[in-house]
Number of protein chains: 2
Amino acid sequence: MTTAKRNTWQREAVREALGSSDGFISAQGLYSNLRDGGSPIGLATVYRALASLAVEGEADSLQSPEGEALYRACSTTGHHHHLICRNCGLTVEIEADAVEEWAQQVASANGFTEPQHVVDVFGLCRDCSAQARSAQASA
Amino acid sequence: MTTAKRNTWQREAVREALGSSDGFISAQGLYSNLRDGGSPIGLATVYRALASLAVEGEADSLQSPEGEALYRACSTTGHHHHLICRNCGLTVEIEADAVEEWAQQVASANGFTEPQHVVDVFGLCRDCSAQARSAQASA
DNA sequence: CTGGTTTTGACAATCATTATCAATAAGGCG
DNA sequence: CGCCTTATTGATAATGATTGTCAAAACCAG
């Protein structure tokens, strides 16, 4: 009963597809991508692979404001955060050491353990900001 | 055509139920609470009222790690963050001025506008930490 | 009260995700 | 090399939250 994790091309395919996508992507989106690429992979398998990668620490997962789970390849064992354009999906990795400490501090000050802080900033990137402004001007 | 927002007992009921619940609560949970309290309110109406309150700034909304939308009565003007026990739901409001500034700073440094930072810390409160420890010890 | 409009509410539709379960394929062992 | 055990896959059903639909009811003004 030694965990016995088998090596399948499907898992590799998901890992690779995740790695070659730029920002965060939903499981559904990744599934579509894989299908486009010719892999006859199953949807359920994509979900399982993503969950597995997330547990193993090879992928980052977060909830979009719309309630979808988004995933991203995350090579670093380190813990970092993101600045995500809520219009075009552009993602920038940001440093958050100060916030890290703050979260730890606040958590333990209240007796909490295992703080999993959700520190992601959604906004509009420069281009989308401009678009939004002109759209509003004409409205 | 002045917005014409009507005053219905249903909206009040949702507002009140939200106010009297301790921490964050899901729309479904709030619906159950209201039904228990005797209000024959409809589920769709609860969703609409919550969305409306969130837009008006009277309610805070966030995504739980499980992907549900959680709501909470929130003082209209202030913007604050939360420390939430992911086991028992205990919620503590936390000050985050430093993080506020940091988010603004990071966002504008990257050309982003309208930063909606998601800064919530999920953890295990003291009681649940103890429980988890003993559970693991016996496992 | 009456009219015009908004809002409600029951239910269907949608969407993402998870469970089911037989068939497949991986990996070890003889 | 081929077999056997068992993890894994994948099509589909099930689930669960949320949103859309639309006729009926409620609200406000005149």
Protein-nucleotide distance (Leu30(B), atom CG; dT18(D), atom C1'), rounded to Å: 15 Å
Which residue lies more 5' along DNA chain D, comparing Arg35(A) with Trp9(B) via nearest heavy atoms: Arg35(A)
Heavy-atom side-chain contact between Tyr71(A) and Leu30(A) under 4.5 Å: no
Residue that, paired with Arg11(A), satisfies side chain to side chain contact (heavy atoms under 4.5 Å, CB included) out of Arg6(A), Lys5(A), Arg48(A): Lys5(A)
hbond_proxy Arg6(B) side chain to dT7(C) base (donor-acceptor, 3.5 Å cutoff): no
Atom pair distance, as rounded to whole Å: CD1 in Ile41(A) and P in dA25(C): 14 Å
Separation of Leu43(A) CG from Gln28(A) CD (nearest 0.5 Å): 5.5 Å
Hey, what are the protein-to-nucleotides 16-22 of chain C N/O distances that come in under 3.5 Å?
from, atom 1, to, atom 2, distance (Å)
dT17(C), OP1, Ala69(A), N, 2.8
dT17(C), OP2, Tyr47(A), OH, 2.6
dT17(C), O5', Tyr47(A), OH, 3.4

Ser52(B) side chain to Glu56(B) side chain, donor-acceptor N/O pair below 3.5 angstrom: yes
For atom CG of Leu50(A) and atom C1' of dG10(D), their distance in whole Å: 16 Å
Interatomic spacing from CZ in Arg72(B) to CG in Leu18(B) - rounded to 0.5 Å: 9.0 Å
Rounded distance (Å) that lies between atom P of dT18(D) and atom CD1 of Ile25(B): 12 Å
Distance, rounded to the nearest Å, where Gln10(A) contributes CD and dT9(D) contributes P: 5 Å
Atom-to-atom span, CZ of Arg11(A) to P of dA26(C) - whole angstrom: 13 Å
Touch class at under 4.0 angstrom, heavy-atom based, for Thr8(B) against every strand present: sugar-phosphate
Rounded distance (Å) that lies between atom C1' of dA7(D) and atom NZ of Lys5(A): 11 Å
Length of the line joining Glu12(A):CD and dA26(C):P, which is rounded to integer Å: 13 Å
Atom CD of Glu16(B) with >12 non-hydrogen neighbours under 6.0 angstrom: no
